[in-house]
S.K.: 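This is the structure I want to talk about, given as structure tokens.
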Amino acid sequence: MNRKIFAKASCLTLSLLATITSCQKNNDMSVDTGILNGNIKTKSSNQTLNSSTGCNAFAPNFSTGSCGWPSNWFNNYVIKKKLPTVTLDTVYYRRSIIRPEAKINFPIGITSPNNRYTLIGQPDGNLYIHDNSTNKVLWDAGSYKYGNQYPYQMRFQEDGNLVIYANKTGLFDHAVWATDNLYVPSTDYFYSTIRYNSMYILQDDGNLVLYRDINGGGLVPETVIRLQPVAHTGTWDGRKSAHWREIK
């Protein structure tokens with residue numbers, strides 16, 4: 001079933017490349033677009049396969065090895081799920097991308113380019129995906145813990161973890177929710193590549209997907225790049241997620 005998810009996304013790409021539109025940002029939500037859309041360069045040395053196969057885990061004549069990936073992501077997600085790669089236009093999705101080292105203060109509203117879906121971070125710390133056409137919640141992080149007692153901030157950390165912090169002591173240092181299953185220890189040989197080759201995208205189909213750039217071209221905005229899905233919320237085509245609180 002998961003294969004079907006991203007096969008649809010790949011077909012969607014054809015229309016995205018033909019028509020590039022802009023996303024309207026909800027005026028009452030604040031998103032640090034400077035961080036979301038900042039230029040991030042990569043290192044060609046991140047690649048471990050030859051140029052004939054690139055860094056596509058499912059290219060013909062694929063050689064064994066981690067392809068420059070953190071072992072947790074590669075072994076527990078890429079290899080096990082075998083999701084097909086997609087080609088996406090980062091100009092089209094520029095308002096719905098969350099990049100490594102992003103620090104986003106709540107409340108937030110990150111909307112898909114077609115304006116149907118919004119990733120909402122409420123003042124009470126809760127994070128969820130809302131289908132604007134049906135007024136339904138498709139996925140919920142369950143990060144509501146202290147209500148409106150404290151300010152909240154979401155971070156896409158360099159260790160691969162997406163974390164929501166509460167500001168209890170004057171610092172955003174108290175985690176109320178995290179994607180612990182996607183955490184990469186600093187001892188991993190390819191730990192440092194996360195900040196260069198990874199991003200979350202809220203797609204037009206409603207799925208929030210963690211992607212990795214497999215061409216080694218980096219995440220410089222205004223480029224069409226080939227991506228390997230790692231994990232997702234499972235909310236494509238308006239479906240309710242089967243794994244609330246998790247991205248996997």
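Along the sequence shown, residues are numbered consecutively beginning with 1.
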S.K.: Compute whether any side-chain donor of one residue and acceptor of the other, for Asp140 and Asn126, lie under 3.5 angstrom apart.
M.R.: yes
S.K.: Any side-chain donor paired with an acceptor under 3.5 Å for Tyr77 and Asn181?
M.R.: yes
S.K.: When you measure from the side chain of Thr118 to the backbone of Gly109, do you find a donor-acceptor pair of N or O atoms at a distance under 3.5 Å?
M.R.: no
S.K.: Find the distance between CD1 (Ile201) and CG (Asn207) and round it off to the nearest 0.5 Å.
M.R.: 11.0 Å
S.K.: Check whether the side chains of Gln203 and Tyr211 place a donor and an acceptor atom closer than 3.5 Å, and report yes or no.
M.R.: yes
S.K.: For the residue pair Ser112 / Arg95, report whether a side-chain donor-acceptor contact shorter than 3.5 Å exists.
M.R.: no
S.K.: Between Arg99 and Phe156 (side chain of the first, backbone of the second, donor and acceptor by atom type, cut-off under 3.5 Å), is there such a pair?
M.R.: no
S.K.: To the nearest 0.5 Å, what is the distance between CG (Asp89) and CZ (Arg94)?
M.R.: 9.0 Å
S.K.: Using only atom types and a distance under 3.5 Å, with no angle test, would you say the side chain of Lys81 pairs donor to acceptor with the backbone of Val78?
M.R.: no
S.K.: For the residue pair His243 and His232, categorise the inter-ring angle as parallel (less than 30°), tilted (30 to 60°) or perpendicular (more than 60°).
M.R.: perpendicular
S.K.: Between Asp131 (side chain) and Val137 (backbone), is there a donor-acceptor pair under 3.5 Å?
M.R.: no
S.K.: Tell me whether the count of non-hydrogen atoms from other residues, nucleotides or ligands lying under 6.0 Å of NZ in Lys168 goes above 12.
M.R.: yes
S.K.: Verify side-chain hydrogen bond (donor to acceptor under 3.5 Å, both in side chains) between His174 and Tyr146, making sure each step is shown before the conclusion.
M.R.: CA-CA 11 Å; His174 187 82; Tyr146 299 112; 2.7 Å; yes
S.K.: List the atom pairs, with distances to 0.1 Å, where a side-chain N or O of residues 182-190 and a protein N or O form a donor-acceptor pair under 3.5 Å, not counting sequence neighbours.
M.R.:
unit_1	atom_1	unit_2	atom_2	d
Asp188	OD1	Phe190	N	2.8
Asp188	OD2	Ser71	N	2.9
Asp188	OD2	Ser71	OG	2.9

S.K.: Would you say the side-chain atoms of Thr233 and Ser241 include a donor-acceptor pair closer than 3.5 Å?
M.R.: no
S.K.: Does Trp177 use its side chain to pair, donor to acceptor, with the backbone of Ala141 at less than 3.5 Å?
M.R.: yes
S.K.: Keeping the roles fixed (side chain from Ser143, backbone from Leu127), state whether a donor-acceptor pair exists under 3.5 Å.
M.R.: yes
S.K.: Could you tell me if Asp204 and Tyr92 have a donor-acceptor pair between their side chains, going purely by distance under 3.5 Å?
M.R.: yes
S.K.: For the backbone of Trp236 and the side chain of Arg239, can you confirm whether one donor and one acceptor N or O come within less than 3.5 Å of each other?
M.R.: yes
S.K.: Is the Tyr165 to Tyr152 ring centre distance short of 6.0 Å?
M.R.: no
S.K.: Is a side-chain N or O of Ser133 found less than 3.5 angstrom from the main chain of Arg116, in a donor-acceptor match?
M.R.: no
S.K.: Quick check: does any side chain N or O of Asn148 sit under 3.5 Å from a backbone N or O of Asp124, one acting as donor and the other as acceptor?
M.R.: yes
